[in-house]
Structure formats: structure tokens, C-alpha cells
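This is a predicted model, so every value here is computed, not measured. Keep in mind that the numbers below use all heavy atoms, side chains included, and drop hydrogens, waters and symmetry copies.
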Amino acid sequence: MFTGLVAVTGTLAACASRGPGARLVLRASFDDGPLTLGESIAVDGVCLSVDAIVEGGFEVDASAETLARTTLGRLAPGAAVHFERALRAGDPLGGHLMSGHVDGVGTLKARRAVGDAVWMAFGLEPALARFVAEKGSIAIDGVSLTVNTVSVGDFEVTLIPHTLRKTKLGALAPGDPVNLEVDIIARYVARLMSSPS
């Protein structure tokens with residue numbers, strides 16, 4: 001589990017085909033202790049397992065399914081990526097509970113400055129809109145954000161200066177794709193409401 005509080009922004013150093021999937025080499029420096037083999041790390045919101053630890057970073061395998069359903073298969077070497085280590089017992093829950101299982105890819109539709117903050121509107125698949133609520137939570141590239149408003153095909157958020165400094169989201173331009181994970185609680189509530197009694 002994750003909370004959407006990005007620990008560090010690093011880079012995709014290399015991507016090589018490995019069967020139907022890919023081997024990703026990621027560069028990052030964590031200040032909360034060394035990585036361990038097999039630990040889960042959210043990479044732009046996608047839960048992946050550390051398969052090798054290398055100088056200045058680590059390597060993971062991404063399946064064909066992961067590459068097809070997320071933005072990871074579209075990234076070029078040198079691209080910035082967010083990292084968050086898995087939640088540990090006793091860690092503060094500063095964002096919201098996330099599984100690292102991306103629900104879909106959205107697209108930035110528009111942005112504008114609002115003082116020192118930035119307002120953004122993202123398009124999303126209509127099937128996901130039912131899980132997004134005004135003043136609820138959503139993860140964009142692994143970053144926990146509060147939803148301002150939502151409609152059938154889009155939603156709006158505002159990025160505060162701290163988020164703009166800590167993440168790569170401030171560099172997004174209209175048309176850029178992002179990984180979306182809806183609130184896990186909303187997903188379970190929707191499932192319960194649709195189940196026959």
C-alpha cells in the first residue's frame with residue numbers, strides 16, 4: 001500500500017525489451033535507508049518490485065499488461081518519474097490509501113496559474129468517473145490530490161506550490177498522458193452498492 005506522498009523524483013535511465021514486457025533501469029536517491037530486493041516501489045503510481053539494486057538506482061520488470069495500461073510503456077529514457085516506497089506499519093497517512101494498481105490513463109486538458117498554485121483539468125474514461133467525487137481523492141502519476149470538481153469525462157484539481165516543487169506535475173502540458181488511480185474506498189463502496197442483496 002502507498003499514500004501518494006512522493007518520496008523523490010528520479011529518472012528512467014533505460015528501458016529494454018524482456019519477452020513481452022520490459023526491464024526498466026531507474027535512477028533515484030532515497031534518504032530513508034537502502035533498498036531491498038523484492039520491495040515494492042510505486043513508479044509514477046505503478047507498484048513494481050525491485051529486482052536488482054545498481055549504482056545510483058534499481059531495476060524492475062514491467063509486464064506487457066503494465067506497459068499497455070499505464071504510461072510506463074510510453075516513457076523515453078531520461079524522463080522524470082515519481083517514486084514512493086511502500087507504506088510501513090506506523091508511517092503517517094498523509095495522503096490517501098493507494099494500491100499502486102493504475103485504473104487508467106488520463107490526459108491533461110487544460111491548465112492555468114492561480115496565484116502561486118496551478119489549476120488543472122484532466123480527461124478520464126467515463127467508466128472511471130463514477131469513482132471520482134468532489135472533495136475526494138485521486139492519484140495522478142502516484143501523487144495524492146484532492147478533486148475540486150468532476151463530470152462525466154473530466155475532473156479538476158489544484159496543485160499547491162509544495163506539490164509543484166516536489167513533483168513533476170507542474171511540467172505537464174495539455175495533451176500529456178498521466179496514470180490515474182481512483183480512491184480504493186470509492187471502488188469498494190460502488191461494488192457493494194451494485195451487488196444484489
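For the atom pair CG of Asn179 and CG of Asp103, the computed distance is 10.0 Å after rounding to the nearest 0.5 Å. The CZ atom of Arg18 sits 13.0 Å away from atom OG of Ser63, with the distance rounded to the nearest 0.5 Å. The distance from the CG atom of Leu180 to the CG atom of Asp141 is 8.0 Å, given to the nearest 0.5 Å. Distance check, rounded to the nearest 0.5 Å: CG of Asp154 to CG of Leu108 gives 11.0 Å. To the nearest 0.5 Å, atoms NE2 (His101) and CD (Glu181) are separated by 8.0 Å. Glu134 contributes atom CD, which lies 11.0 Å from atom OG of Ser151 (distance to the nearest 0.5 angstrom).
By the 6.0 Å contact criterion, NZ on Lys168 is enclosed, its count of non-hydrogen atoms from other residues, nucleotides or ligands being greater than 12. Counting heavy atoms of neighbouring residues, nucleotides and ligands inside a 6.0 Å radius, atom CD1 of Ile53 exceeds 12 of them. A 6.0 Å sphere centred on CG of Asp116 holds no more than 12 heavy atoms belonging to other residues, nucleotides or ligands.
Contact of the Arg85 side chain with the Asp32 side chain is registered, since non-hydrogen atoms from C-beta on lie closer than 4.5 Å. Put simply, the side chain of His82 reaches to within 4.5 Å of the side chain of Val6, judged on heavy atoms. The shortest distance between side-chain heavy atoms of Val132 and Val147 falls below 4.5 Å. Residues Thr158 and Asn148 have side chains in contact (heavy-atom distance under 4.5 Å, counting atoms from C-beta outward). Using a 4.5 Å heavy-atom threshold, the side chains of Met120 and Val118 count as touching. A heavy-atom distance below 4.5 Å is not found between the side chains of Phe131 and Asp183. Two residues are said to be in side-chain contact when any heavy atoms from C-beta on lie closer than 4.5 Å; Leu87 and Leu97 meet this criterion. For the pair Leu169 and Leu145, the minimum side-chain heavy-atom distance is below 4.5 Å.
Among the candidates Leu72, Ile41, Asp61, the single residue satisfying the side chain to side chain contact (heavy atoms under 4.5 Å, CB included) test with Leu48 is Leu72. Partner of Leu75 under the side chain to side chain contact (heavy atoms under 4.5 Å, CB included) criterion, out of Thr11, Asp44, Leu24, Thr70: Asp44 alone.
Residues Met98 and Phe155 fall into different hydrophobic clusters, defined by Ile, Leu, Val, Met, Phe, Trp and Tyr side chains chained together at heavy-atom separations under 4.5 Å. Note on Leu5 and Val43: separate hydrophobic clusters, where clusters join Ile, Leu, Val, Met, Phe, Trp and Tyr whose side-chain heavy atoms are under 4.5 Å apart, directly or indirectly. Residues Val152 and Phe122 fall into different hydrophobic clusters, defined by Ile, Leu, Val, Met, Phe, Trp and Tyr side chains chained together at heavy-atom separations under 4.5 Å. Cluster membership check: Val81 does not share its hydrophobic cluster with Leu172, using side-chain heavy-atom separations under 4.5 Å among Ile, Leu, Val, Met, Phe, Trp and Tyr. Ile160 and Ile140 fall into different hydrophobic clusters, where Ile, Leu, Val, Met, Phe, Trp and Tyr side chains are chained together by heavy-atom contacts under 4.5 Å.
Of all heavy-atom pairs spanning Thr9 and Ala80, the tightest one is CG2-CB, 4.1 Å. Closest of all the heavy-atom pairs between Arg69 and Val105 is O-CG2, 3.6 Å. Scanning both residues, Lys109 and Pro174, for their nearest heavy atoms gives O-CB, 3.9 Å. Taking each heavy atom of Ala62 and Leu67 in turn, the nearest pair found is CB-CD2, 3.8 Å. Asp51 and Arg23 make their closest contact through OD2-NH1, 2.6 Å (heavy atoms, listed as atom of the first residue, atom of the second, distance). Residues His96 and Ala139 come closest through the heavy atom pair CE1-N, 4.0 Å.
Of the possible polar contacts, none joining the Thr163 side chain to the Leu159 backbone as a donor-acceptor pair under 3.5 Å is found. Using modelled atom types, no side-chain atom of Glu125 and backbone atom of Gly104 make a donor-acceptor pair closer than 3.5 Å.
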**Request:** Output, in order, the C-alpha distance, side-chain angles, deciding distance and verdict of side-chain hydrogen bond (donor to acceptor under 3.5 Å, both in side chains) for Glu156 and Thr149.
**Result:** CA-CA 5 Å; Glu156 300 172 7; Thr149 61; 3.2 Å; yes
**Request:** Kindly determine whether Leu12 and Val25 satisfy side chain to side chain contact (heavy atoms under 4.5 Å, CB included), including the steps that lead there.
**Result:** CA-CA 6 Å; Leu12 172 66; Val25 181; 5.9 Å; no
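Aromatic pair Phe83/Phe2: ring centres not closer than 6.0 Å.
For Arg74 and Asp176, the salt-bridge test fails: no basic side-chain N is under 4.0 Å from an acidic carboxylate O.
In summary, the side chains of Ser49 and Glu39 do not present any donor paired with an acceptor at a separation below 3.5 Å, with no hydrogens or angles considered.
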